[in-house]
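See below for the structure under consideration.
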Amino acid sequence: MKLPIGFYLRENTLTIAKELIGKFIYTNMNGEITGGMIVETEAYIGPEDRGSHAFEGRRTAKNDTMYQAGGVVYMYICYGIHDMLNIVTGLEGSSHAILIRAVEPTIGIKLMQFRRGDVPLKRLCKGPGSLAKALGLNKSHDQTSLTGNLLWIEDEGLKIKQGNIIASPRVGLSCPEPYLSIPWRFTLFGNSFVSK
DNA sequence: TATGGGATTACCT
DNA sequence: GGTAATCCCATAC
């Protein structure tokens with residue numbers, strides 16, 4: 001079933017980031033569905049987190065979406081080239097978000113390969129930039145609701161054991177400790193579609 | 001108004 | 001493993 005809005009409106013973003021492992025994310029563009037199982041996430045915990053765009057309550061036109069109520073996506077362009085897909089969580093005014101870093105493709109693989117330029121299946125949705133491109137998402141989808149028919153996440157009843165979710169330091173940051181190496185990246189143990 | 005730095009990736013050697 | 005590609009906008013003059 002499609003995850004209800006209440007899933008995203010909770011404040012415990014680390015728990016939500018773990019719960020997203022083993023859920024299925026889909027986009028429907030012109031009737032063509034693409035997506036797969038989420039195998040890697042990273043949590044960004046609002047004002048206290050040096051690694052977050054919303055550190056110390058920074059709020060600008062660029063990151064304003066992070067302050068919206070949970071259940072929408074925050075799209076961010078990195079290095080001017082790559083679009084990143086983030087899930088906004090918490091109540092309006094809180095600035096928590098979860099970066100989706102990797103997906104194991106299950107549906108619409110041909111279309112995703114077309115969007116990505118025919119890369120091997122293993123690399124199709126590996127890494128946040130690749131994933132957004134495969135799903136057909138870019139900055140123009142900023143603020144898209146996860147309860148609509150364009151983009152959503154489903155619980156298909158797959159049970160992931162807590163012991164199979166690995167916590168590790170987040171990737172690609174350049175911020176001071178302790179936030180540089182705090183284990184807020186979650187991956188599915190043994191899954192070869194994880195980015196690193 | 002000018003400048004610098006990214007939640008990265010792919011292609012080169 | 002080293003590095004170029006490439007753009008929004010926050011911050012500093």
Side-chain angles (χ1 to χ4, degrees), chain A residues 8 13-14 16-18 20-21 23 25 36 38-68 70 72-90 94-105 112-144 146 151 153 165-188 191-196:
Chain A
Y8 305 102
T13 301
L14 291 175
I16 300 174
K18 280 183 268 192
L20 283 175
I21 302 291
K23 299 292 190 292
I25 186 165
I38 298 170
V39 296
E40 178 175 354
T41 62
E42 280 180 5
Y44 288 85
I45 312 295
E48 71 194 54
D49 178 1
R50 279 306 298 264
S52 171
H53 297 161
F55 170 63
E56 278 184 335
R58 281 185 52 213
R59 183 168 185 168
T60 63
K62 183 172 168 176
N63 71 359
D64 192 68
T65 304
M66 297 181 88
Y67 289 84
Q68 293 192 14
V72 299
V73 296
Y74 167 49
M75 299 295 303
Y76 159 68
I77 300 180
C78 186
Y79 295 99
I81 310 170
H82 306 292
D83 298 282
M84 312 257 185
L85 171 65
N86 296 264
I87 309 298
V88 176
T89 61
S94 93
S95 50
H96 296 190
I98 298 165
L99 174 69
I100 309 297
R101 287 191 54 90
V103 162
E104 177 175 337
M112 290 195 284
Q113 282 179 325
F114 174 74
R115 287 172 178 150
R116 293 267 289 121
D118 264 332
V119 305
L121 179 66
K122 285 281 177 179
R123 288 195 311 172
L124 195 52
C125 301
K126 178 175 290 201
S130 306
L131 162 62
K133 190 171 182 188
L135 290 176
L137 296 169
N138 56 54
K139 183 81 163 64
S140 74
H141 300 282
D142 190 43
Q143 303 189 24
T144 298
L146 285 159
L151 170 62
I153 299 176
I165 296 178
I166 309 299
S168 58
R170 294 173 293 180
V171 175
L173 299 187
S174 55
C175 67
E177 296 289 5
Y179 292 105
L180 182 62
S181 50
I182 196 167
W184 284 353
R185 169 176 179 248
F186 303 102
T187 55
L188 180 57
N191 185 283
S192 60
F193 293 89
V194 167
S195 71
K196 290 190 176 175

Checklist entry - Is there side-chain contact between A:Ile166 and A:Phe186, with heavy atoms separated by less than 4.5 Å? => result no
Checklist outcome for this item: A:Ser195 meets the side-chain hydrogen bond (donor to acceptor under 3.5 Å, both in side chains) criterion, sequence neighbours left out, with A:Glu40, A:Arg101
Item to check | Nearest-Å distance once atom C1' is located in both B:dT9 and C:dC9 | outcome: 22 Å
Item to check | Contact letters for nucleotides 1-13 of chain B, in which S counts primed atoms plus P, OP1 and OP2 and B counts the base, heavy atoms under 4.0 Å | outcome: -----BBBSS---
Next on the checklist: Between A:Tyr8 and A:Ile16 (side chain of the first, backbone of the second, donor and acceptor by atom type, cut-off under 3.5 Å), is there such a pair?
Outcome noted: no
Item to check | Set of side-chain contact (heavy atoms from CB on, under 4.5 Å) partners for A:Asp64, sequence neighbours left out | outcome: A:Arg59
Item to check | salt bridge (charged side-chain N to carboxylate O under 4.0 Å, His left out) partners of residues 44-58 of chain A, not counting sequence neighbours, each pair once | outcome: A:Asp49-A:Arg170
Checklist outcome for this item: What residues 133-144 of chain A contributes to the DNA chain C interface at heavy-atom separation below 4.0 Å is none
Checklist entry - Given side chains that start at C-beta, do those of A:Ile25 and A:Leu151 come closer than 4.5 Å, heavy atoms only? => result yes
Checklist outcome for this item: Residues passing the side-chain hydrogen bond (donor to acceptor under 3.5 Å, both in side chains) test with A:Arg115, sequence neighbours excluded, are A:Thr34
Next on the checklist: Is the terminal nitrogen or CZ of A:Lys122 (NZ for Lys, CZ for Arg) located under 6.0 angstrom from the six-membered ring centre of A:Phe193 and within 45° of that ring's axis?
Outcome noted: yes
Item to check | Pair pattern of DNA chain C in dot-bracket, where unpaired bases get dots and | marks partners in another strand, Watson-Crick or G-U under 3.5 angstrom | outcome: |||||.||||||.
Item to check | Listed partners of A:Tyr44 passing side-chain hydrogen bond (donor to acceptor under 3.5 Å, both in side chains), at least two apart | outcome: A:Glu42
Next on the checklist: What range of DNA chain C does chain A touch, first nucleotide to last, counting atoms under 4.0 Å from its heavy atoms?
Outcome noted: C:dA5 to C:dT11
May I have the list of side-chain donor-acceptor pairs in residues 123-133 of chain A shorter than 3.5 Å, sequence neighbours left out?
from: A:Lys126; atom 1: NZ; to: A:Ser192; atom 2: O; distance (Å): 3.1
from: A:Ser130; atom 1: OG; to: A:Arg116; atom 2: NH2; distance (Å): 3.4
from: A:Ser130; atom 1: OG; to: A:Lys126; atom 2: O; distance (Å): 3.2

Next on the checklist: For A:Gln113, give me all partners under side-chain hydrogen bond (donor to acceptor under 3.5 Å, both in side chains), at least two apart in sequence or on another chain.
Outcome noted: none
Item to check | Residue pairs passing the side-chain hydrogen bond (donor to acceptor under 3.5 Å, both in side chains) test where at least one lies in residues 77-87 of chain A, sequence neighbours excluded | outcome: none
